[in-house]
There are 2 protein chains.
Amino acid sequence: MDRDSDMSDTDELLSIRAAELYYEENQTQDEIGVILRLTRWKVGRLLASARANGFIRIEIVHPRARRLPIERRLRESTGLTDAIVVSSAGVSSEAELQSRTAQAAADFLTSLRPIPRTLGISWGRTLHDVSLHLKQGWAPGVNVVQINGGVSLNQRTGTAASTAVTIAHKADGSATLLPSPAVFERLETKQAMEADRAVAGVLALGRNAQAYLFSAGQADANSALVDSGFLTVEQIDDLVSRGAVGDVVGRYIDANGRIVDPELNERTVGIQIDQLRRAPLTIAVISGNDKHAIARAVVRNGLCTVLVTDEDTANALLQEKDTL
Amino acid sequence: MDRDSDMSDTDELLSIRAAELYYEENQTQDEIGVILRLTRWKVGRLLASARANGFIRIEIVHPRARRLPIERRLRESTGLTDAIVVSSAGVSSEAELQSRTAQAAADFLTSLRPIPRTLGISWGRTLHDVSLHLKQGWAPGVNVVQINGGVSLNQRTGTAASTAVTIAHKADGSATLLPSPAVFERLETKQAMEADRAVAGVLALGRNAQAYLFSAGQADANSALVDSGFLTVEQIDDLVSRGAVGDVVGRYIDANGRIVDPELNERTVGIQIDQLRRAPLTIAVISGNDKHAIARAVVRNGLCTVLVTDEDTANALLQEKDTL
DNA sequence: GGGATTGTTGCTCACATGAGCAAATACCGG
DNA sequence: CCGGTATTTGCTCATGTGAGCAACAATCCC
């Protein structure tokens with residue numbers, strides 16, 4: 001086909017002239033009719049066709065702007081209960097886009113009804129960002145539980161804990177931290193740790209949370225797990241070569257949502273992927289051009305019921321659906 | 001000041017939510033009111049404030065789209081009778097933008113009333129482009145006269161003549177060519193040439209044209225005058241060092257519209273800058289990021305009454321006016 | 001605390017606009 | 001050239017929307 005909608009060449013040109021007068025000079029359709037020597041109905045039709053042909057582009061340029069039509073399409077084409085897609089209009093850096101996404105996640109959390117009594121969270125740059133964007137008093141008391149290990153081996157030490165504490169504090173609630181590394185070197189150590197009353201209690205609390213909030217990392221050397229010293233670059237390379245696209249709550253999965261390395265998975269402390277899959281409310285916050293693959297894996301395999309993401313990632317997901 | 005218009009933070013957010021529903025989901029203000037729990041008047045006001053704060057960006061994406069508000073501001077801030085500014089929305093290359101500008105110039109010529117009996121034109125890439133965009137039968141008979149020398153010394157030979165011939169042919173009119181180089185090496189040769197009946201006649205015709213159509217080149221090594229072998233790169237460098245910003249009908253001027261090298265000017269064949277300045281209808285077609293300086297010189301010094309240009313060049317001109 | 005000032009809200013009314021329909025026009029195959 | 005079909009045009013009418021205004025609320029300044 002040649003064009004979207006059929007229209008004679010002179011009509012197309014007229015529709016552009018009309019659109020200029022209507023949208024840029026905000027003249028009334030009557031006035032435009034006088035200028036272009038057309039009836040006002042013809043002008044109305046020309047404007048309609050200009051819109052139908054996509055000549056009129058309307059963008060909402062604001063850090064808090066969302067893309068509702070994309071959200072709807074995402075909900076329809078995936079099984080998501082809800083999708084939040086932030087606009088990338090006028091954004092200048094990846095960081096800005098991620099910050100917008102974090103803000104949107106904070107907004108979503110704030111407006112969540114019923115308010116979850118316990119909220120299980122993972123940790124990482126994204127969630128930390130979310131915690132910062134939450135407003136003081138965003139909820140009247142929430143018990144925030146860490147769902148995967150994250151006492152770091154280096155300077156990042158604070159952030160995992162501080163994310164949980166900040167979210168809880170701002171909700172006038174309490175934080176329950178999981179005092180454990182993300183991954184143990186020996187299975188026995190991990191099992192011993194899990195047997196400990198304190199740790200077991202936190203894990204049980206995490207398993208019974210009413211809602212989960214987590215992000216995901218792509219499988220590469222910049223992963224927070226490498227950064228924090230739990231995994232080496234070589235290990236990541238190995239995982240990638242075995243099909244890993246990224247990690248969710250510290251566990252590496254492939255495009256089909258399956259655990260890539262069961263042995264490593266056994267040594268990883270925290271909630272299991274399947275528990276996430278079964279939970280009724282799981283909110284994934286994933287943004288950035290690197291994360292299209294892991295976002296796809298998370299959404300396609302039902303690891304979240306709500307996705308908070310950016311326009312570009314959302315479009316990548318839709319793109320893929322189209323070709324199925 | 002902190003913001004464009006004052007608005008509480010929550011109202012700003014509401015205005016964005018309302019805008020999303022209004023512009024992306026095209027809901028009615030009533031319906032939005034129900035969703036956001038507001039009266040429909042409040043919704044109307046929120047939308048108005050979103051527009052006022054520039055959160056709503058409406059673009060007309062089409063090769064023939066113009067920017068009327070910029071045109072108006074240009075007319076107001078300069079002494080131009082008319083300004084045609086093509087939109088650069090959705091443009092991917094400089095060449096595309098120049099083509100759009102040429103198209104707009106062709107459109108302007110076509111709609112020009114009264115139709116000029118004689119039209120003086122210069123030559124160059126831009127005007128050639130204009131000639132190609134004109135429609136067969138754009139005017140019922142126009143005598144097209146070349147107003148500056150341009151019989152080239154190399155392969156470009158054809159274009160100067162073909163531009164004139166094409167424009168004339170498509171108007172079912174006649175072309176009068178100026179059979180002379182752009183610049184002579186010796187003043188005497190030039191004077192001898194001008195004394196020739198044939199040449200003198202063309203020049204006289206050119207001086208009495210009812211309208212002029214020309215472009216301008218910036219002063220650099222890529223100039224058509226260098227390309228055609230009339231000037232050397234060294235000569236251009238010299239002109240630049242003496243303040244030249246570009247050429248109009250083969251004559252180099254500085255930012256104040258003055259001839260940079262009177263001696264060179266004397267050896268240049270064609271209409272004088274001052275004759276252009278005095279003419280009642282002179283249409284300059286200037287587009288491209290390189291040409292902001294020469295565009296400024298042309299407009300500021302009254303060398304054209306009508307400017308056809310692109311959005312970026314127009315904005316550069318307005319920018320400058322603001323700082324005066 | 002009272003009065004003035006400023007900003008906000010709900011509303012009426014006039015105008016602008018899109019849906020739907022009938023008349024007119026263009027198009028096309030015989 | 002003609003009858004039929006598709007498309008376009010002009011219009012009525014219902015609905016959507018912005019301007020303007022009065023009532024109300026918030027704020028500020030003595």
Side-chain angles (χ1 to χ4, degrees), chain A residues 1-62 64-66 68-69 72 135 137, chain B residues 1-62 64-66 68-69 72 135 137:
Chain A
M1 66 206 77
D2 203 33
R3 255 222 185 287
D4 209 353
S5 152
D6 60 335
M7 195 177 5
S8 85
D9 209 42
T10 86
D11 262 19
E12 178 168 321
L13 194 50
L14 272 177
S15 78
I16 297 301
R17 297 280 90 86
E20 287 161 0
L21 294 164
Y22 192 74
Y23 290 107
E24 302 208 309
E25 298 284 69
N26 35 230
Q27 307 241 24
T28 170
Q29 298 187 0
D30 261 349
E31 297 170 314
I32 297 171
V34 172
I35 294 170
L36 300 179
R37 291 155 203 287
L38 300 166
T39 61
R40 88 171 207 270
W41 297 286
K42 177 75 180 170
V43 174
R45 285 181 183 120
L46 287 172
L47 288 172
S49 78
R51 284 187 289 259
N53 285 46
F55 298 151
I56 313 300
R57 178 188 297 163
I58 301 185
E59 261 183 355
I60 303 172
V61 189
H62 191 279
R64 306 287 273 271
R66 284 163 50 187
L68 304 189
R72 182 152 32 75
K135 267 200 356 223
Chain B
M1 61 206 78
D2 203 32
R3 255 222 184 288
D4 207 354
S5 152
D6 61 334
M7 192 176 8
S8 85
D9 208 42
T10 87
D11 263 18
E12 179 168 322
L13 195 50
L14 272 177
S15 77
I16 296 301
R17 297 280 89 88
E20 288 161 358
L21 294 164
Y22 192 74
Y23 290 107
E24 302 207 312
E25 299 284 71
N26 35 224
Q27 307 240 26
T28 171
Q29 297 188 1
D30 261 347
E31 296 170 314
I32 297 172
V34 172
I35 293 170
L36 300 179
R37 290 154 204 288
L38 300 166
T39 61
R40 88 187 163 74
W41 297 285
K42 178 76 179 171
V43 174
R45 284 183 241 259
L46 286 172
L47 288 171
S49 79
R51 284 187 288 260
N53 285 45
F55 297 150
I56 313 299
R57 178 187 299 163
I58 301 185
E59 259 182 355
I60 303 172
V61 190
H62 192 280
R64 306 286 273 271
R66 284 164 48 187
L68 304 188
R72 182 153 31 77
K135 268 201 353 225

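Just so it is clear: chains get the letters A, B, ... in the order the sequence lines come, proteins before strands, and each one is counted from 1.
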Heavy atoms under 4.0 Å is the rule here; annotate nucleotides 11-25 of chain D 5' to 3' with B where the base is hit, S where only the sugar-phosphate is, and - elsewhere.
-> BB---SBS-------

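With rounding to the nearest 0.5 Å, the separation of OG in Ser15(B) from NE2 in His62(A) is 6.5 Å. Atom CG of residue Asp30(B) and atom CH2 of residue Trp41(B) lie 8.5 Å apart, to the nearest 0.5 angstrom. Annotation: the span from Leu68(A) atom CG to Glu20(B) atom CD amounts to 4.5 Å, rounded to 0.5 Å.
Taking atom CG on Leu46(B) and atom C1' on dT8(C), their separation rounds to 12 Å, with Å as the unit. In this structure, CG of Asp11(A) is placed 7 Å from P of dT9(D), rounded to the nearest angstrom. Following rounding to the nearest Å, Leu38(B) (CG) and dT9(C) (P) show an atom-to-atom distance of 9 Å.
Shown here are the side chain to side chain contact (heavy atoms under 4.5 Å, CB included) partners of Leu36(B), two or more places apart in sequence or in another chain: Leu14(B), Arg17(B), Ala18(B), Leu21(B), Ile32(B), Leu38(B). With sequence neighbours left out, the side chain to side chain contact (heavy atoms under 4.5 Å, CB included) criterion links Ile58(B) to Tyr23(A), Ile56(A), Ile58(A), Ile56(B).
A salt bridge does not link Glu31(B) with Arg40(B): every distance from a Lys NZ or Arg NE/NH1/NH2 to an Asp or Glu carboxylate oxygen is 4.0 Å or more.
Sorted by first and then second residue, the salt bridge (Lys or Arg N to Asp or Glu O under 4.0 Å) pairs with a member in residues 52-62 of chain A read Arg57(A)-Glu59(B), Glu59(A)-Arg57(B); sequence neighbours excluded. Annotation: salt bridge (Lys or Arg N to Asp or Glu O under 4.0 Å) contacts involving residues 41-51 of chain B, sequence neighbours excluded, comprise Asp11(B)-Lys42(B).
Overall bending of the helix from dG1(C)-dC30(D) to dG30(C)-dC1(D), expressed as the angle between end axes built from five pairs apiece, is 40° (10° steps).
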